[in-house]
Amino acid sequence: MATADQVASVILARSGTWMTSMQLQKMLYYVQSWHLAVTDEPLFPEHFKAYADGPLIPQVWHARKDQSTRRADQDLSGIALDELSSNLIDLVVASYGSHSGDELSALTHTETPWVEARGGLPDGAPSSTALSEESMANFYREHRRLGGRSAADLAAGGVHIRHFDAGPVDVDALLANLADVEPEDEWGGANLAHAGDSHDWTPARRDPVAW
């Protein structure tokens, strides 16, 4: 089984561009969620925690704090993925990759797995509660589509992009259909104060860097 950090390397390489820390965490989250929904098995063993600004794997955050670790030219040697997992990463990158970290964070705040794990905590309160993988699998299986197809469709027909006629996930449309949803203005709330270095999560560092 690949590690979360290895999958992060594949996401960065497949995206072809530099990512902010928040974008990478959320892309990693959607890869794991859709893998659970399609196969009922995790792609990597690490668990997401219900941080104030959305699902996060602390180990990956610490490993990828420096901007140089989030460049697209990743070393993928020694990373073995089966065809389904490899294609699923491509499909998630194509679906969610054009959105900012703020947009993806706001989207996770409207979705059951993170909301359940927070357990009614006030906005901005720290938490290290792990998100339920069962909740992740069930939510995306029952309430979301990837590339225009449900998890059942992907499991039955195979995971591949096929012209990708459905286009990327429309985050704005999803949020517009939900009442009282306001994207966070800042990424780096209470949890990140305990993560060691919150500077990379400020708005000034969200724009892609030309390498």
Sequence-distant partners of D73, salt bridge (charged side-chain N to carboxylate O under 4.0 Å, His left out), two or more places apart: R71
Residues forming a salt bridge (charged side-chain N to carboxylate O under 4.0 Å, His left out) with D82, sequence neighbours excluded: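 Checked D82 against salt bridge (charged side-chain N to carboxylate O under 4.0 Å, His left out); zero matches.
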Heavy-atom pair with the smallest gap, counting every atom of [X] and [Y]:
X	Y	result
A72	G16	CB-C, 3.6 Å
P55	Y29	CB-CD1, 3.6 Å
A8	L28	N-CD1, 3.9 Å
A130	H47	CB-CB, 4.3 Å
S95	G147	OG-N, 3.9 Å
Y140	P113	CE1-CG, 4.2 Å

Is a side-chain N or O of [X] found less than 3.5 angstrom from the main chain of [Y], in a donor-acceptor match?
X	Y	value
E103	S100	yes
E46	A4	yes
S105	G101	no
D153	S150	yes
Q25	I57	yes
D66	S68	no
Q23	H99	yes
R70	M19	yes

No-hydrogen, no-angle side-chain donor-acceptor test under 3.5 Å, R64 and S9: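 Yes - a donor-acceptor pair under 3.5 Å links their side chains.
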Donor + acceptor pair across side chains of N138, S135 (<3.5 Å): no
Verdict with reasoning, W34 to Y96, per side chain to side chain donor-acceptor pair (under 3.5 Å): CA-CA 12 Å; W34 278 104; Y96 294 91; 3.2 Å; yes
How far does [atom1] of [X] sit from [atom2] of [Y], to the nearest 0.5 angstrom?
X	Y	atom1	atom2	result
S33	L146	OG	CG	11.0 Å
L12	T17	CG	OG1	9.5 Å
T112	E142	OG1	CD	9.5 Å
L24	L104	CG	CG	11.0 Å
L36	S132	CG	OG	9.0 Å
I89	S15	CD1	OG	11.5 Å

Do [X] and [Y] have side-chain heavy atoms sitting under 4.5 Å apart?
X	Y	result
T129	R118	no
L91	L154	yes
E133	F48	no

Hphob cluster co-occupancy, L76 + M27, side-chain heavy atoms under 4.5 angstrom: yes
Can you give each donor-acceptor pair under 3.5 Å made by side-chain atoms of residues 37-44, sequence neighbours left out, with the distance rounded to 0.1 Å?
| from | atom 1 | to | atom 2 | distance (Å) |
| --- | --- | --- | --- | --- |
| T39 | OG1 | H35 | O | 2.7 |
| T39 | OG1 | H35 | ND1 | 3.2 |
| T39 | OG1 | E41 | N | 3.1 |
| T39 | OG1 | E41 | O | 3.1 |
| D40 | OD1 | R141 | NH2 | 3.3 |

Test: E111 and R144 ion pair at under 4.0 Å: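 Result for this pair is yes, salt bridge flagged.
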Atom CD of E134: over 12 foreign heavy atoms under 6.0 Å: no
Side chain to side chain contact (heavy atoms under 4.5 Å, CB included) assessment of S127 paired with K49: CA-CA 7 Å; S127 173; K49 303 301 180 65; over 6 Å; no
Audit row: S86, R14, side chain to side chain contact (heavy atoms under 4.5 Å, CB included) steps and yes/no: CA-CA 10 Å; S86 179; R14 300 281 177 87; 2.9 Å; yes
Check against side chain to side chain contact (heavy atoms under 4.5 Å, CB included), Q59 and D5: CA-CA 8 Å; Q59 301 97 309; D5 192 61; over 6 Å; no
Side chain to side chain contact (heavy atoms under 4.5 Å, CB included) evaluation trace for T69 with K65: CA-CA 7 Å; T69 65; K65 285 192 298 184; over 6 Å; no
